[in-house]
Amino acid sequence: MYPLFSYSLTASWLSTATSSMKRPTPRLRNSFSQASSSFLPRPLPLKLSRTATDPILPQSSRFETAAMAAPAITPPSTAIMAKASLRPMYALTVPRSNRSSPKHNSSILIMPSRSFRVAGLTLTGKGFWSPNKSVPIAPKVLYSVQSFSIRMQSIRQVLSGEQLDKPVKVRGWIYRTRSSGGIVFAVVRDSSGIIQVTMKKGVLPDQEFEAAASAGVESSVMVEGTLVEDKRAPGGYEVRATKFSVIGSSEPFPITEYQSTELLLDLRHLWIRSREQTAVMRVKDSLLRGARGWFHSNDYVEVTPPIITGVAPEDSTQLFQLKYFDRFAYLSQTAQFYLESLIFSCERVWALTPSFRAEKSRTPRHLTEFWHLEMEAAWLDNDANMKAQEELVSSMLRSAAKECPSELKLLGREPEALSKIEPPFERLSYSEAMEELRGKGFEVSWGSDLGAAEERELTKDRILPLFVVNYPKELKPFYMKENPDDARTYKNSDLLAPEGYGEIIGGSERETDNALIIERLRDIGEDMKNYEWYLDLRKYGSVPHSGFGLGLDRVATWVCRLEHIRDAIPFPRTVARIYP
RNA sequence: GCCGUCGUAGCUCAGUCGGUGGAGCGUCCGCCUGUUAAGCGGAAGGUCAACGGUUCGAACCCGUUCGACGGCGCCA
């Protein structure tokens, strides 16, 4: 999928253009808003070197291609985008350099959308841009884009209505068709949305009409036509086609309106085209960007721990074993120990890795392969650890709410409500949680774990996530730090998502006393040899430190209001399924 | 590891006191110039998960196997 506007080079020119222009034309506004204001204008050195017909430009057009060289010219005043052949192109109109030199009128700089490299410089006349002569800013667009062809647009862009009653061109996949004799309605989707395309017999060539009438669901198509407002069209806009072509025809699509869970899982590679699944992927992408942003602005270093390991940090029955040459290795179920060893240099680290659990879990909350977002920081106690967690989570939510409002609405989640989930989250001690549950008629006693039913009860009516802190030692792993206020418990916390979605983060301050760690390892019958390197970390300048692991797919399940975690990941891996 | 449900057309399902298998959607053909999961008419499409047993006769009763799904525990 081509982005509508390209990035850095375009941005640098456009930012300059914006600042020096009095009235940007409406069609350019989007590009300007994407231009980075911090990007300093850079003069582009250009020199014409030869004349050629560029194969990606219309055959009839003859252009001068330019090679990069000194000298420099100033940036253009106006940018327009052109579509040439099948590849979207970007054109920057350079104003006349001076009135006495009409040769330089209507000059265009063209670059392919996905490349930052300049593909060619075109001029109506021959000549060089002078190194010292600055090009005056023109008050209006000097070159009309119409002489190229209609630009390709994303459906989201088309639905903005900017091109109302004007020619538009979209491409995508047929989402649904309906026909009625001389008229065919095709709903076309692309990665950004759906729009109805209407084809009337006689308006477009018969051959193209027939192609539209017989094109099956999921055929990839390219359509040219006029964008009109029409209340009868879903979404309020439709494209009245004047040109229609099937790029890739589709056999009868196996997913119809009636679908069983089993079928959708077997046809996962096709089902992920659905609007819901697309929305989930976009939301997840945005959550991740929010997380990255938070880590970056808090001086965390993103590191890359191994996936193949030789040591089992927790109960080894949960590990996937694999043949590793002449011995065995395991797929990592947490990067924690590796992150702990990295804090002695980087101090604050985080990593996003797949984690693997060979548990035969059959629940809506478990995958055997999931995306684990883990953090570890030196000089951090568990209170600060929890503050980091709530800040991180709310940054992720803010990001999704800001970047994916329509996707969230499609999934039944109000973006405004999501962005209101801000720190502090409520903290409930394990003991308090047990009290509360007993008050609600649960038969639990101190020392029993919080099951799915208990977690649901604690969070079903909440809007904000809930921290449950200081669990009994028996319920948690050996590496956690003892709670000085209550030696029966650890300095740890679980973060439970609201609305009954359950645990999304497990975190703790780490034990720094090797004697205690060794004692606990002996108690659970671990082979000390496997932990030598881990114990080393406490021997050489140990520091108090904490960290946590967040289940990215679980967060996405909650944010997207999904019933099952497997819909939060494109190709779920569960006990029963590794296909497709 | 534990508890539960299901397997009939490409898809979703109905069908059984045991007697030669049905609908809707999809596909194909025909009609329809404003459809909204369009409508109307017609056609094709099935080793009733597999194997074994009971019976004159099994999609249906019994057994075994395979596959899938719902949930618990474990965790993120």
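Chain A is the first sequence line, chain B the second, and so forth, proteins listed ahead of strands; every chain is numbered from 1.
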statement: Contacts of A:Leu450 and A:Lys231 projected onto RNA chain B by closest heavy atom; the upstream (5') one is A:Lys231

- prompt: Can A:Asp567 and A:Arg268 be counted as an ion pair, charged N to O under 4.0 angstrom?
  reply: yes

- request: Run the salt-bridge test on A:Glu519 and A:Arg522 with the 4.0 Å N-O cut-off and return the result as yes or no.
  value: no

- prompt: What integer number of Å spans the P atoms of B:rC13 and B:rU8?
  reply: 9 Å

message: I want to check a possible cation-pi pair here: A:Lys476 against A:Tyr490, using under 6.0 Å from ring centre and within 45° of the ring axis as the test.
response: no

query: Is the shortest side-chain N/O distance from A:Arg362 to OP1 or OP2 of B:rC74 below 4.0 Å?
result: no

query: Looking at A:Arg566, does any N or O in its side chain come under 4.0 Å of the phosphate oxygens OP1/OP2 on B:rA68?
result: no

message: Under 4.0 Å, counting only non-hydrogen atoms across every strand here, what does A:Ile505 touch: a base, just sugar-phosphate, or nothing?
response: sugar-phosphate

- request: Check if the side chain of A:Arg554 and the base of B:rC75 share a donor-acceptor pair of N or O atoms closer than 3.5 Å.
  value: yes

message: Take a 6.0 Å sphere around CD1 of A:Ile463 and say whether it holds more than 12 heavy atoms from other residues, nucleotides or ligands.
response: no

Between protein and nucleic acid, restricted to nucleotides 31-34 of chain B and to nitrogen or oxygen atoms under 3.5 Å apart, what atom pairs and distances do you find?
unit_1	atom_1	unit_2	atom_2	d
B:rC32	N3	A:Gly181	N	3.2
B:rU33	OP2	A:Gly182	N	3.4
B:rU33	O4'	A:Ser180	O	3.4
B:rU33	O4	A:Lys201	O	3.4
B:rG34	O2'	A:Arg232	NH1	3.2
B:rG34	N7	A:Lys200	NZ	3.4
B:rG34	O6	A:Lys200	NZ	3.3
B:rG34	O6	A:Arg240	NE	3.2
B:rG34	N1	A:Glu238	OE1	3.4
B:rG34	N1	A:Glu238	OE2	2.7
B:rG34	N2	A:Gln196	NE2	3.4
B:rG34	N2	A:Glu238	OE1	2.6
B:rG34	N2	A:Glu238	OE2	3.4

- request: Identify whether the distance between the nearest side-chain nitrogen and carboxylate oxygen of A:Arg282 and A:Glu403 falls below 4.0 Å.
  value: no

- prompt: Can you find a donor-acceptor pair, distance only, under 3.5 Å between A:Ser361 side chain and B:rC74 base?
  reply: yes

message: By nearest atom, which of the nucleotides B:rG71, B:rC69, B:rC75 is closest to the A:His366 side chain?
response: B:rC75

- prompt: Could you go step by step and tell me if A:Asp486 and A:Lys491 meet the salt bridge (charged side-chain N to carboxylate O under 4.0 Å, His left out) rule?
  reply: CA-CA 9 Å; A:Asp486 180 356; A:Lys491 287 179 81 176; over 6 Å; no

Provide a list of protein-nucleic acid N or O atom pairs under 3.5 angstrom, restricted to nucleotides 21-25 of chain B.
unit_1	atom_1	unit_2	atom_2	d
B:rC25	O2'	A:Glu257	OE1	3.4
B:rC25	O2'	A:Glu257	OE2	2.7

Validation row, ring centre A:Trp350 to ring centre A:Tyr300 under 6.0 Å: no

- request: With salt bridge (charged side-chain N to carboxylate O under 4.0 Å, His left out) as the test, would you mind laying out the steps for A:Arg413 and A:Glu499 before giving the verdict?
  value: CA-CA 12 Å; A:Arg413 172 70 69 191; A:Glu499 302 163 25; 2.9 Å; yes

query: Between B:rA76, B:rC11, B:rG71, which nucleotide has the shortest distance from any of its atoms to the side chain of A:Glu503?
result: B:rA76

- prompt: From the list B:rC11, B:rC69, B:rA76, which nucleotide is the closest neighbour of the side chain of A:Phe370?
  reply: B:rA76

- line: Contacts of A:Arg176 and A:Val217 projected onto RNA chain B by closest heavy atom; the upstream (5') one is A:Val217

- request: Could you tell me whether A:Arg156 and A:Glu407 make a salt bridge, using a distance below 4.0 angstrom between a side-chain N and a carboxylate O?
  value: yes

